[in-house]
Amino acid sequence: MTTSDSADPAVSPEHIERIKKNMEQVEQLSKRLMDVLAQKKSHPKSLDGPNQELFARAATAYWSEMAQNPGKLLEKQVSYWGQAVVNFAEAHSLMTKSMESGCTGIAEKPKPADRRFANPMWQTNPYFHYVKQQYLTNAEMIQAAVAEVEDLEDIDKRRLGYFADQIVQMMAPTNFLATNPDALEKAVETEGQSLIDGLENLVADLEANDGELVVRLADESAFEIGRNVATTPGEVVFRNEMMELIQYHPTTETVHDIPIILFPPWINKFYILDLKAQNSLIKWVTEQGYTLFVVSWLNPGPEHADLGLDDYVDKGFLTAIETVRSICNVKQVNAVGYCIAGTTLSLTLSLMKQRGDTSVKSATFFTALTDFSDQGEFTPFLQNDFIDGIEEEVNANGLLRSYIMARTFSYLRSNDLVYGPAIRSYMMGETPPAFDLLYWNGDGANLPGRMAMEYLRGLCQRNEFVNDGFELMGHTLHVRDVTVPVMAITCETDHIARWKDCYRGVQQMGSRSKTFVVAQSGHIAGIVNPPTRNKYGHYTNTSLKGVPDAWMEGASFHEGSWWPRWETWLSKRSGKQIPARDPGDSQHPPLTSAPGDYVRVKARQAVSG
C-alpha cells in the first residue's frame, strides 16, 4: 500500500492549506490584539471593584462568628463536602450507565430554568453534569456565607452580596471554552473557524473602544440613524452648544394650542422614543394632534468638562422652553422628562417656581427619580470608593466616558448583557443580532465631568433635593417646589429608577394634582409600549398617601398601554384646537432635517475629535 493510499482524508492537501490559512489569521489577529491593548487608556483601579477593605471586614466578621460557634462552621463544611460527594456520585453513576449501555449519555432530563445550562449535555454527559452541579453547589455556598455575615453595616452587606454575586456569575463554566459544550460543538462543526471568527469579534470590539472590552450587542451595520431608526419627519429649529431642538411635522389638520416639549436623558440618545414607526412615541404623539418638540443633547467631548447641571438647566431646559414658547406664540408649554432629564426637569420647575416663572403648564415624568434615599441596585456604585474613582477619572479626562456607564449598567444584568453576548460573539463566532433596541443601547454618550460629579455627589449620595435643598444658580432647590400638575409614569420591574423610589419622590412634590402610574415591564419596555401591541398593562391608584406597597395593594390594573391614559390627561391641559403648525418661524428657520446632527456623534468620536 502506498503512502497516498493510506493517507487520512483529514490531512489532505486542502486540509493542510486550510490549517495554514487559519494559523495566519490567528497570527494577524494576535498582532492586532497586542497593538490595541498596548494603546489602551488607563482608568482608576477603584472603578474595577470595591475597596479591598470591604472583603477584609467581611472575612473578619465571618471568621469571628465561626470562632464563637465552631459547630456552625463544622455543619457548613459537612454540608458542602456532602453535596460535593453527591455530585461526584451522580457523575460516576452517569458514567457507569453510559459504559453499560454503550451510549454516550442517558435519557435527557427536562431542561433547567437556567438558560446557561440548556444544552442537553449538561444533563446527559457525566463530565459536564459534574461541572455544572459542582458550580451550582459552590455558588450556593458562597451566597449562603455572604447572607450569614453579621457585624457589617447594611450598605456594606448589600455591596458584599453584589460583588460576591458578580464573582459567582463570572466563574460560571459556560464562560470558559473548555467547559462550554455549545462552543466546543461549534468549534468541531466548523473545524475551528468559529474560534477564529470569535477572536476577530473580540479584537474588533477592543479596537472600537480603545482597548476597553465593551461587548457589542447589535450588528451596527444593520442600522443608520435617519434611515431605519429615528425616521419621524421633523426639522431642527434651534441649536446651541448644549442641544438641538427638533420640531416634528404635524400629521393632523389641527393641533392643540399648547405644545409639548420632551426632554430625553443625555446618557443615551433620544431615538429610543423613535426606533421605528410601529413603536415610536414621537410619531404617536404627533398623530394625536400635538405640536411636539424634542431635545437632542450634545454628546460632549473633553472640551465640555466644565458643563454642569446649571448649564443643562439654563442652556438646555430654560432655553428650550423659551424657544418653543416663541415659535408657537404661547405663554405655556407641557414638559416631559425621561430618567435623568426628569430629575433635572424637577430641578428646573423648582427654580422656575422660586423665580415666579409659570411657563410650564404641566409636567410628565418618565421613570424619573427625585428621592435617592434608597439607592437600590446602584448601592455598590454610589459609595465613596467608587465615586472617588469616577472623580479621578473625570479629573484626568474631563469626562465620565460612555463605556464606564455602559459597563456599570450592564453588570446589573451581567448574564444577559455581558456574559451571554460575549459567549455568542467570542466563543461561538456569531455576528450580533440586528436588533434596534440593542443598537440604541450601545450608542451611548459621555457625561461632562462637572455635571457628573454634581449629580452623583449632590443628588445621588447626599439626596440634597429632598433633604436640605440643592444649590443651583443662586437658589436652594427643593422637591416641594414642584407645584405644577404632575403625571409620573414608572415601571414595575425597572431596576434603574425603581417605581417605589419614584413614588416617594412624587409624594413629596408640592403639586395638588398628582397622577401616578406603574406600567408593567422595565425602564425601556414599560415606556416604549404602543397601544397597538397590547402587550403590557398598567396600574393606577388616585391615593398617594400611603407607602408604596399599600399603593400597589389598592391599585387597579388596566390592560394595554398607558399612552392613551396619558393623552387623555394631557389633552385637558393643552388648550383649544388650532391649525397645525409647520416647523419653525421667521426667527427660527429650519437648520436641518430630523434627527439632526448631534445625535449622529458617537461617544468615541466626541472623545477623540
| field | Contact check, side chains of W566 and V336, non-hydrogen atoms, under 4.5 Å | value | yes
| message | Please determine whether the number of non-hydrogen atoms from other residues, nucleotides or ligands lying under 6.0 Å from atom CE of M170 exceeds 12. | response | yes
| query | About how many Å separate CZ of F372 and CG of L459, when rounded to the nearest 0.5 Å? | reply | 5.5 Å
| Nearest-0.5 Å distance, OG1 of residue T515 to CE of residue M487 | 5.5 Å
| query | Is it true that a side-chain atom of T367 and a backbone atom of H523 form a donor plus acceptor pair closer than 3.5 Å? | reply | no
| note | Separation between CE (M242) and CH2 (W266), nearest 0.5 Å, reads 7.5 Å
| task | Kindly say whether G526 contributes a backbone atom to a donor-acceptor pair with the side chain of N529 at under 3.5 angstrom? | result | no
| message | Quick check against the 3.5 Å criterion: does T343 have a side-chain atom that pairs as donor or acceptor with the backbone of L369? | response | yes
| task | Take atom CG of N467 as the centre, draw a 6.0 Å sphere, and report whether it contains more than 12 heavy atoms from other residues, nucleotides or ligands. | result | yes
| field | Test item: V518 and W551 side chains (from C-beta on) under 4.5 Å apart, heavy atoms | value | yes
| task | Using the side chain to side chain contact (heavy atoms under 4.5 Å, CB included) rule, take F270 and V295 through it: C-alpha gap first, then chi angles, then the decisive distance, then the call. | result | CA-CA 8 Å; F270 78 88; V295 165; over 6 Å; no
| request: For the pair R355 and D314, find out whether any cationic side-chain nitrogen is under 4.0 Å from an anionic carboxylate oxygen. | output: no
| message | Please determine whether ring-ring contact (aromatic ring centres under 6.0 Å, His included) holds for the pair F317 and W297, giving the CA-CA distance in whole Å, both sets of side-chain angles, and the decisive distance to 0.1 Å. | response | CA-CA 11 Å; F317 286 77; W297 296 102; 5.7 Å; yes
| said: Other residues, nucleotides and ligands only: do more than 12 of their heavy atoms fall within 6.0 Å of CD on E140? | reply: no
| field | P300 to N446 - nearest heavy-atom pair and separation | value | O-ND2, 3.0 Å
| When you measure from the side chain of D219 to the backbone N and O of P433, does any donor-acceptor pair fall under 3.5 Å? | no
| field | Minimum heavy-atom distance between R116 and A172, given as atom pair plus value | value | NH1-CB, 3.4 Å
| Shortest non-hydrogen contact between Y503 and K545, atoms and distance | OH-N, 3.9 Å
| query | With a 4.5 Å heavy-atom cut-off, do F386 and I390 have their side chains touching? | reply | yes
| With side chains defined as the heavy atoms from C-beta onward, is the minimum distance between V214 and R407 less than 4.5 Å? | no
| field | Heavy-atom side-chain proximity of I142 to I167 below 4.5 angstrom | value | no
| task | Specify whether W563 and W284 have parallel, tilted or perpendicular ring planes, treating 30° as the upper limit for parallel and 60° as the lower limit for perpendicular. | result | tilted
| query | For the residue pair A497 and C502, what are the closest heavy atoms and their distance? | reply | O-SG, 3.7 Å
| Closest heavy-atom pair and its distance - V528, L273 | CG2-CD2, 4.3 Å
| Polar side-chain atom of Q508 near backbone of V479 as donor-acceptor pair, under 3.5 Å | no
| said: R498 vs D374, test: side chain to side chain contact (heavy atoms under 4.5 Å, CB included). Steps then yes/no. | reply: CA-CA 10 Å; R498 299 181 305 175; D374 187 340; 2.9 Å; yes
| task | To the nearest 0.5 angstrom, please state how far the CG atom of D481 sits from the CG atom of L347. | result | 11.0 Å
| request: For Y271, enumerate each residue passing the side-chain hydrogen bond (donor to acceptor under 3.5 Å, both in side chains) test, keeping only those at least two apart in sequence or located in another chain. | output: D443
| task | Measure the CD-CD1 distance between E322 and I261 for me, rounded to the nearest 0.5 Å. | result | 11.0 Å
| Close side-chain approach of V486 to V482, heavy-atom, < 4.5 Å | yes
| query | Does K269 reach the main-chain N or O of Y598 with its side chain, forming a donor-acceptor pair under 3.5 Å? | reply | no
| query | Got a sec, which residues hit side chain to side chain contact (heavy atoms under 4.5 Å, CB included) with S521, two or more places apart in sequence or on another chain? | reply | A525, Y536
| field | L351 side chain reached by L318 side chain, heavy atoms, under 4.5 Å | value | yes
| said: Whether the side chain of H478 engages the backbone of R480 through a donor-acceptor N/O pair (distance < 3.5 Å, no angle test) should be reported. | reply: yes
| query | Where the side chain of K514 meets the backbone of L544, is there a donor-acceptor pair that is under 3.5 Å apart? | reply | no
| query | Quick one: side chain to side chain contact (heavy atoms under 4.5 Å, CB included) partners of A445, sequence neighbours excluded? | reply | N299
| Between the main-chain N or O of N534 and the side-chain N or O of S561, is there a donor-acceptor pair closer than 3.5 Å? | no
| query | Considering only heavy atoms from C-beta outward, does the side chain of R450 approach that of D311 to under 4.5 Å? | reply | yes
| request: Show the numbers, then the answer: is there a side chain to side chain contact (heavy atoms under 4.5 Å, CB included) between F365 and M509? | output: CA-CA 12 Å; F365 300 103; M509 291 179 179; 3.8 Å; yes
| For Q247, which residues count as a side-chain hydrogen bond (donor to acceptor under 3.5 Å, both in side chains) partner, sequence neighbours excluded? | none
| message | Looking at K500 and D494, is any side-chain nitrogen of the basic one under 4.0 Å from a carboxylate oxygen of the acidic one? | response | no
| note | Smallest heavy-atom separation, A368 atom then G342 atom, equals CB-CA, 3.7 Å
| task | List for me each residue that meets side chain to side chain contact (heavy atoms under 4.5 Å, CB included) alongside R573, sequence neighbours excluded, and say none if there are none. | result | N334, K361, S362, P485, S513, W569
List the atom pairs, with distances to 0.1 Å, where a side-chain N or O of residues 412-422 and a protein N or O form a donor-acceptor pair under 3.5 Å, not counting sequence neighbours.
unit_1, atom_1, unit_2, atom_2, d
R413, NH1, E377, OE1, 3.0
R413, NH2, E377, OE2, 3.4
N415, ND2, Q169, OE1, 2.8
D416, OD1, R115, NH2, 2.7

| query | N384 and Q461: side-chain donor and acceptor closer than 3.5 Å? | reply | yes
| message | Centre-to-centre under 6.0 Å for Y539 and W499, is that the case here? | response | no
| OH of Y312 to OG1 of T344: how many Å apart, nearest 0.5 Å? | 9.0 Å
| query | When you look at N228 and Y439, which way does the side chain to side chain contact (heavy atoms under 4.5 Å, CB included) test go after all the steps? | reply | CA-CA 12 Å; N228 56 0; Y439 171 77; over 6 Å; no
| said: Main chain of G575, side chain of H256: is a donor-acceptor contact present, judged purely on distance under 3.5 Å? | reply: yes
| said: Looking only at side-chain N and O atoms, does E471 offer a donor or acceptor that is under 3.5 Å from a partner on T476? | reply: yes
